[in-house]
Amino acid sequence: MSKDHGPQIKNDEQYEELRDKGMSKEKAARIANDPKSGKKGGRADKYEERTKEELYQKAKEVGIEGRSEMSKKELIKALRDRN
């Protein structure tokens, strides 16, 4: 049985599994609190199917520098190359 981490953690079991794998508290909480996280078959839209604004927001979320000057194609490349 997983520990109750309070209202700030939506999925305590998933949070604990992620922490056991070595993830930081912040990253584990972010994943455990995402309602789409952990569902099988759930896939994000392909980058090519997203608007430039959606790609820009994603790039902003993950901290890609220079995103405001990038074209849609460049945003896609930057998002894919960030790992």
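Model, not experiment: these values are computed from the prediction. For this chain, numbers begin at 1 and follow the sequence in order. Reckoned from all heavy atoms, side chains included, excluding hydrogens, waters and symmetry mates.
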Could you tell me the separation between the [atom1] atom of [X] and the [atom2] atom of [Y], rounded to the nearest 0.5 Å?
X   : Y   : atom1 : atom2 : answer
L75 : E69 : CG    : CD    : 11.0 Å
E48 : K73 : CD    : NZ    : 10.5 Å
D81 : E74 : CG    : CD    : 12.0 Å
I9  : N33 : CD1   : CG    : 5.0 Å
R67 : L55 : CZ    : CG    : 13.0 Å
R30 : S24 : CZ    : OG    : 6.5 Å

Legend entry - Min side-chain heavy-atom separation M70-I64 under 4.5 Å: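 Yes. Closest side-chain heavy atoms under 4.5 Å.
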Inset, instruction - Tell me whether L18 is reachable from Y15 by hopping between hydrophobic residues (I, L, V, M, F, W, Y) whose side-chain heavy atoms are closer than 4.5 Å. - result: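 No, because Y15 and L18 fall into different hydrophobic clusters, even though each may have its own neighbours under 4.5 Å.
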Of all the heavy-atom pairs spanning [X] and [Y], show the shortest one and how long it is.
X   : Y   : result
R82 : Y47 : NH2-OH, 3.9 Å
A32 : Q14 : CA-OE1, 3.4 Å
R50 : K58 : NH1-CG, 4.3 Å

Inset, instruction - Return yes if a side-chain donor-acceptor contact under 3.5 Å exists between E53 and Q57, otherwise no. - result: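 Indeed, the side chains of E53 and Q57 share at least one donor-acceptor pair under 3.5 Å.
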Inset, instruction - Answer yes when E54 and K46 have at least one side-chain N-carboxylate O distance shorter than 4.0 Å, and no when they do not. - result: no
